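All remarks here apply to the structure that follows.
From a predicted model like this one, the values you see are computed outputs, not experimental measurements.
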Amino acid sequence: MNRLSSGVAVEALVAATALVPATGASAAPPTADRPEPSVRAEQQDAASVARQLGLGGRQDLAVQDVVGNPDGSYYVRYSRTFAGLPVVGGDVVVERSRTGAVRDVNWAVGTGRVTVASTTPGFALGSARRTGLRASRATEHERVAHHRLVVFVTSDGTPRLAYDVLTKGLTEDQTPTKLHTYVDAQTGATLATRDEVKTGTGHGIFVGDVQIGTQQTSSGYRMKDGEGNHTTDLDNRTSGSGDTFTGSDDDWGNGSQGNRESAGVDAHYGAEMTYDFYDDVMDRAGIWNDGSGARSRVHYGDNYVNAFWDGTQMTYGDGYANQNPL
């Protein structure tokens, strides 16, 4: 990303995440019948967790990170494969008690079991590559840099066997593009596209006019960047994940407190600057050192004059009289 930093936003989130242990670090005290939580220990138990979650026999979980809480409970982030194929949208975060019992589950997209009827493509790879090239916005040095077969989970939770075709190049204004085009491997239909390079325009209350990472969807854009940093609106609730900010164009907020997106811009930009700080200064690929971003929730509660990090995400209240977003 390497955008210019907002000191206040970066300091707030870096301070809030300072207690997050490095990957593989101790997350909870060991018990007499359970080893100390770590990436290695949790991976040894991954098959048991998969059964507890009701996943089929062809699905495997790979531990990406272990993050501990002060009470001894901890979070385990998994990526998923089906018959050895990466499941795009198959990530899951499991909260476990200090004894290892599953307490809560958060799915990236949809819930539960992922399965496809066949892992044998019925649509030619060459045609999928051409589909990826046609979808690219590049006008210079355009090429297919990578392709792989995956199971792609659509926004409604439906799994599809797909080609992930990555095209690279430069757009007309010389901005780099790294576009993933997910092509249905049975029908040839384009399921989705995702560009790793995003340049949405945000108008924050505190950070002003900035460039933020966003993601293009079939109906517009959402406030989620290529590393997975995403920002949601809790709509003044105190529970749940909130709804990711979406819009018909790639222009967000207007800098006023009356516009709900404006607080989202501040939080989103701060999360991205924090990711860059870890990457550039501490040589860590984000907070968890695995290349994945974090969720930020804004508009929490009613007259909530505070903000907090809970081990997996940042949350911001709207301040006194709901007129001073944190």
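- Leu166 and Val150 fall into different hydrophobic clusters, where Ile, Leu, Val, Met, Phe, Trp and Tyr side chains are chained together by heavy-atom contacts under 4.5 Å.
- Under the 4.5 Å side-chain criterion, counting only non-hydrogen atoms from C-beta, Val88 is not in contact with Val151.
- For Asn322, the side-chain hydrogen bond (donor to acceptor under 3.5 Å, both in side chains) partners at least two apart in sequence or on another chain are Asp302.
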Show me the side-chain donor-acceptor pairs of residues 114-129 shorter than 3.5 Å, one per line, residues at least two apart or across chains.
{"unit_1": "Ser118", "atom_1": "OG", "unit_2": "Thr120", "atom_2": "N", "d": "3.0"}
{"unit_1": "Ser127", "atom_1": "OG", "unit_2": "Arg130", "atom_2": "NH2", "d": "3.1"}

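- Judged purely by distance below 3.5 Å, without hydrogens or angles, the side chains of Gln215 and Arg194 never pair a donor atom with an acceptor atom.
- Qualifying ring-ring contact (aromatic ring centres under 6.0 Å, His included) partners for Tyr304, counting only residues two or more places apart in sequence or in other chains: Tyr300.
- Under the side-chain hydrogen bond (donor to acceptor under 3.5 Å, both in side chains) criterion, His147 pairs with no residue, sequence neighbours left out.
- Side-chain N or O atoms of Thr187 include one that pairs as donor or acceptor with a backbone N or O of Ala189 at under 3.5 Å.
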**OP:** Show your working on side-chain contact (heavy atoms from CB on, under 4.5 Å) between Tyr320 and Asn303 and close with a plain yes or no.
**Re:** CA-CA 5 Å; Tyr320 178 73; Asn303 299 317; 6.0 Å; no

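- In terms of heavy atoms, Asp65 sits closest to Val39 at CA-CG2, 4.3 Å.
- Of the possible donor and acceptor atoms, one in the side chain of Glu272 sits under 3.5 Å from a partner among the backbone N and O of Gly213.
- The pair Arg96-Asp45 counts as a salt bridge, with a side-chain nitrogen and a carboxylate oxygen less than 4.0 angstrom apart.
- With sequence neighbours excluded, no residue forms a salt bridge (Lys or Arg N to Asp or Glu O under 4.0 Å) with Asp60.
- Side-chain heavy atoms closer than 4.5 Å link hydrophobic residues (I, L, V, M, F, W, Y) into clusters, and following such links, even through other members, never connects Val305 to Val298.
- Closest approach of Ala138 and Thr177 over heavy atoms only: CB-CG2, 3.7 Å.
- Inspection of the Asp310 and Thr312 side chains reveals an N or O donor paired with an N or O acceptor under 3.5 Å.
- When side chains are defined from C-beta on, Arg80 counts as touching Gln59, because their heavy atoms get closer than 4.5 Å.
- At a threshold of 4.5 Å between non-hydrogen side-chain atoms, the residues Lys224 and Asn229 do not count as touching.
- Under the side-chain hydrogen bond (donor to acceptor under 3.5 Å, both in side chains) criterion, Thr158 pairs with Asp156, sequence neighbours left out.
- Side-chain atoms of Pro325 and Gln257, non-hydrogen and from C-beta on, do get closer than 4.5 Å to each other.
- Judged by distance alone, the side chain of Ser262 and the main-chain N or O of Ser256 form a donor-acceptor pair under 3.5 Å.
- Going from atom CG of Leu179 over to atom OG1 of Thr167 covers 4.5 Å, rounded to the nearest 0.5 Å.
- Residue Asn236 holds its CG atom at 7.5 Å from NE2 of His299, rounded to the nearest 0.5 Å.
- Considering all non-hydrogen atoms of both residues, His203 and Gly253 come closest at CD2-O, 3.2 Å.
- Val93 belongs to a hydrophobic cluster whose remaining members, ordered by chain and number, are Tyr75; membership requires side-chain heavy atoms of ILVMFWY residues under 4.5 Å apart, directly or through intermediates.
- Val165 and Leu133 fall within a single hydrophobic cluster, where Ile, Leu, Val, Met, Phe, Trp and Tyr are joined by side-chain heavy atoms under 4.5 Å apart, directly or via other members.
- The backbone N or O of Asp243 sits nowhere less than 3.5 Å from a side-chain atom of Thr232 that would complete a donor-acceptor pair.
- Listed by chain and number, the residues in a salt bridge (Lys or Arg N to Asp or Glu O under 4.0 Å) with Arg103 are Asp71, Glu95 (sequence neighbours excluded).
- A distance of 8.5 Å separates OG in Ser292 from CD1 in Ile287, rounded to the nearest 0.5 Å.
- A donor-acceptor pair shorter than 3.5 Å cannot be found between the side chains of Asn254 and Trp252.
- For the pair Gly242 and Arg237, the tightest heavy-atom approach, listed with the atom from each and the gap, is CA-NH2, 3.7 Å.
- Here Asp164 pairs with Arg148 under the salt bridge (Lys or Arg N to Asp or Glu O under 4.0 Å) rule; sequence neighbours left out.
- Contact between Ala185 and Leu149 at its shortest, heavy atoms only, is CB-CD1, 4.1 Å.
- Taking the side chain as every heavy atom from C-beta outward, Leu61 and Leu55 approach each other to under 4.5 Å.
- For the residue pair Asn324 / Asp318, no side-chain donor-acceptor distance below 3.5 Å is found, with atom types taken as modelled.
- Using a 4.5 Å heavy-atom cutoff, the side chains of Tyr221 and Asp251 are not in contact.
- Hydrophobic clustering (side-chain heavy atoms under 4.5 Å, transitive across Ile, Leu, Val, Met, Phe, Trp, Tyr) groups Val92 together with Val76.
- For the atom pair OG (Ser296) and CG (Asp266), the distance works out to 11.0 Å, reported to the nearest 0.5 Å.
- Between the CD atom in Glu42 and the OG atom in Ser48 there is a gap of 10.0 Å [rounded to 0.5 Å].
- Taking the salt bridge (Lys or Arg N to Asp or Glu O under 4.0 Å) definition, one finds that Asp235 meets it with Arg260, sequence neighbours left out.
- Neither side chain, Asp91 nor Ser79, offers a donor N or O lying under 3.5 Å from an acceptor on the other.
- Evaluation of the ring-ring contact (aromatic ring centres under 6.0 Å, His included) rule for Phe82 yields no partner, not counting sequence neighbours.
- Applying the ring pair (Phe, Tyr, Trp, His ring centres under 6.0 Å) test to every pair with at least one member in residues 151-171, sequence neighbours left out, gives these pairs: Phe152-Tyr182.
- In this structure the side chain of Val210 reaches within 4.5 angstrom of the side chain of Val265, judged on heavy atoms.
- Tyr275 contributes atom OH, which lies 8.5 Å from atom CG of Asp225 (distance to the nearest 0.5 angstrom).
- Residues Val105 and Leu53 have side chains in contact (heavy-atom distance under 4.5 Å, counting atoms from C-beta outward).
- There is a side-chain donor-acceptor pair under 3.5 Å between Arg295 and Gln313.
- Residue Val63 comes nearest to Tyr78 through the heavy atom pair CG2-CE2, 3.5 Å, listed as atom of the first residue, atom of the second, then distance.
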